[in-house]
Structures are given as structure tokens and as C-alpha cells.
2 protein chains.
Amino acid sequence: MIAHVFIELKEGVADPEGESTLKALRLLGFRKVKKVSSIKVFKIDIEAKSKEEAEKVISEMCEKLLANPVIHRYSIRWLEDVQEG
Amino acid sequence: MIAHVFIELKEGVADPEGESTLKALRLLGFRKVKKVSSIKVFKIDIEAKSKEEAEKVISEMCEKLLANPVIHRYSIRWLEDVQEG
């Protein structure tokens, strides 16, 4: 099964990439954009008996490697649950 | 309205970040993970009269700044359409 693991900056943590992107978009004439935040996503294909089991393992991955708990929060979304764009 | 803009590598383009992450996860003992791909997401807050209008503007942003058409494909997902994890 395939999950999207979102690694987002916590509220209050500076997001220079998002801010620079916002500035660049405004300079290009996109005036209606109000805010840009940068998010890292890992698409993870994992073998598991159930979503619950997989979510437990993925949470462990986030805590051990993928996210820094000082600045990041993470969330798991299953690919079948999200609209394919 | 708030959109998640996914900037993914096209099929066949090398993803060293995903590969390194997979290796590191395996070294940490996560043996059931089969594949990891890295994706960049911009969360964009934009003023628009309709989703259609906003999607047109965001597509222009991707073509002008956010994505490199040689290696990336992009997709737009509306925050209300995705499950909050």
C-alpha cells in the first residue's frame, strides 16, 4: 500500500523557501497569491496487513528519521483517500 | 482558497533523495518498505472567484516558476478534497 507522508513545518517556524517562493511569484505578477508554505512529502510503498499496522510503522519512521520533532509535524494520507490531480 | 501543488519527478528521472531515504530506512530495520519517492509540495493560499480560475493561475505558476517541465509533473489538489491526517 502507498502512503503520502507529509512533513510540514510547525506553526511559528520560519519557512524561508515558502517566503522566497511567494516573493518570486509576486515579482512575476501573481498578485492574488496570499501565502506559500513549503512541505516535504515522501511517497512510501510499504507491505503491511492493515492500514493501522502500516501507520504505526510509518509513525516510527517519522520519529526516527523523516521528521525533526523540534520543527516538524507529520501526517499520513493514503493514496486511495486523496483525489488524484 | 488553499491548494496543495504537488511537484513530482517524472517516471524515469533519478530520485537520489528517495533512494537514500529508502536505504536509510532499511538500515534502521524497516524491512517492509518497498519504495520511497520524494515529492515537493507547495501549499498555496490564493484569492480567486472559482477553483477553475485558481487552477488556471496555479498551472501558470508551475509552468513559469515552480516546476521544471523537463523533469517534473505537477498536480493540484484542493485542501477540502483531501483527508486531513
Side-chain angles (χ1 to χ4, degrees), chain A residues 1-9 15 17-18 20-49 51 53-66 73-85, chain B residues 1-9 15 17-18 20-49 51 53-66 73-85:
Chain A
M1 49 187 89
I2 297 178
H4 275 162
V5 183
F6 280 62
I7 312 290
E8 289 177 76
L9 289 165
D15 179 6
E17 188 181 358
S20 303
T21 307
L22 177 61
K23 271 186 208 160
L25 287 172
R26 290 245 173 97
L27 283 172
L28 286 171
F30 295 104
R31 294 211 177 80
K32 293 203 164 169
V33 52
K34 292 195 285 185
K35 198 183 170 191
V36 178
S37 313
S38 73
I39 304 173
K40 181 78 222 168
V41 172
F42 292 103
K43 185 173 160 187
I44 294 184
D45 189 354
I46 187 168
E47 262 176 61
K49 278 170 203 148
K51 276 191 190 176
E53 188 196 303
E55 283 185 10
K56 215 179 131 191
V57 176
I58 292 174
S59 296
E60 219 184 309
M61 290 178 186
C62 289
E63 277 147 33
K64 285 196 178 159
L65 183 77
L66 304 178
R73 61 193 166 83
Y74 64 86
S75 55
I76 301 162
R77 288 166 199 187
W78 292 99
L79 214 57
E80 64 209 63
D81 293 337
V82 301
Q83 187 203 8
E84 282 296 303
Chain B
M1 49 187 90
I2 297 177
H4 275 161
V5 183
F6 280 62
I7 312 289
E8 290 178 75
L9 289 166
D15 180 7
E17 188 181 358
S20 303
T21 307
L22 176 62
K23 270 186 208 159
L25 287 170
R26 291 245 173 94
L27 283 172
L28 285 170
F30 295 104
R31 294 211 177 80
K32 293 202 165 171
V33 53
K34 293 195 285 182
K35 197 184 173 193
V36 179
S37 313
S38 74
I39 304 173
K40 180 79 222 166
V41 173
F42 293 101
K43 185 173 162 188
I44 295 184
D45 189 353
I46 187 168
E47 263 175 60
K49 278 168 203 151
K51 275 192 192 175
E53 189 196 301
E55 284 186 9
K56 214 180 132 191
V57 176
I58 292 173
S59 296
E60 219 185 308
M61 290 178 186
C62 289
E63 278 148 32
K64 285 196 179 160
L65 184 77
L66 304 178
R73 60 191 166 88
Y74 64 85
S75 54
I76 301 162
R77 289 166 200 189
W78 291 99
L79 215 57
E80 64 208 65
D81 294 337
V82 302
Q83 187 202 7
E84 282 298 302

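Bear in mind that the values here come from a model prediction, so they are computed numbers and not experimental data. Values below: all heavy atoms of this structure, side chains included; hydrogens, waters and symmetry mates excluded. Residue numbering restarts at 1 for every chain, and letters A, B, ... go by the order of the sequence lines.
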Point to revise | Under 4.5 Å from any heavy atom of chain A - which part of B:Phe42 | key: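 Its backbone and side chain both get close to chain A.
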**Study point:** Aromatic plane relationship, B:His4 with A:Phe6 - under 30° parallel, 30 to 60° tilted, over 60° perpendicular
**Key:**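 Rings of A:Phe6 and B:His4: tilted, 30 to 60°.
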**Study point:** Closest-packed option against chain A by number of heavy-atom pairs under 4.5 Å, given B:Ile46, B:Val41, B:Thr21, B:Val36
**Key:**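 Option with the top pair count is B:Val41.
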Check your understanding: Non-hydrogen atoms of chain A under 4.5 Å away: do they reach the side chain of B:Leu66, the backbone, both or neither?
Key ->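 The side chain, not the backbone.
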Check your understanding: So which part of B:Glu8 gets closer than 4.5 Å to some heavy atom of chain A, the side chain, the backbone, both or neither?
Key ->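 When you check distances to chain A, only side chain atoms of B:Glu8 fall under 4.5 Å.
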Check your understanding: How far does NZ of A:Lys43 sit from NZ of B:Lys35, to the nearest 0.5 angstrom?
Key ->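 Rounded to the nearest 0.5 Å, the NZ-NZ separation comes out at 6.5 Å.
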Review point. If you look at every heavy atom in B:Leu28 and A:Lys64, which pair is closest and at what distance?
Key: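 Heavy-atom minimum between the residues: CD1-CB, 4.4 Å.
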Check your understanding: Between atom CD1 of B:Ile39 and atom NZ of A:Lys40, what is the distance when rounded to the nearest 0.5 Å?
Key ->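 Those atoms lie 8.0 Å apart.
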**Study point:** Heavy-atom pair count under 4.5 Å with chain B, highest-scoring of A:Val57, A:Ile58, A:Val33
**Key:**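 Maximum pair count with chain B is reached by A:Val33.
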Check your understanding: Does the side chain of A:Arg77 come within less than 4.5 Å of B:Arg77's, by heavy atoms?
Key ->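 No - every pair of side-chain heavy atoms lies 4.5 Å or more apart.
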Exercise for review: Would you mind checking which part of A:Glu55 comes under 4.5 Å of any heavy atom in chain B, side chain (CB onward), backbone (N, CA, C, O), both or neither?
Suggested key: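 Looking at A:Glu55, nothing touches chain B.
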Practice item. Just give me the residue among B:Ile2, B:Val5, B:Leu25, B:Leu22 that pairs up with chain A most often, heavy atom to heavy atom, under 4.5 Å. Key: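 That would be B:Leu25.
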Exercise for review: Find the one option among B:Gly18, B:Ala24, B:Ser38 whose heavy-atom pairs under 4.5 Å with chain A are most numerous.
Suggested key: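 Maximum pair count with chain A is reached by B:Ser38.
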Point to revise | Value rounded to 0.5 Å, distance of CD in A:Glu53 from NZ in B:Lys32 | key: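 Nearest 0.5 Å value for the CD-NZ distance: 5.5 Å.
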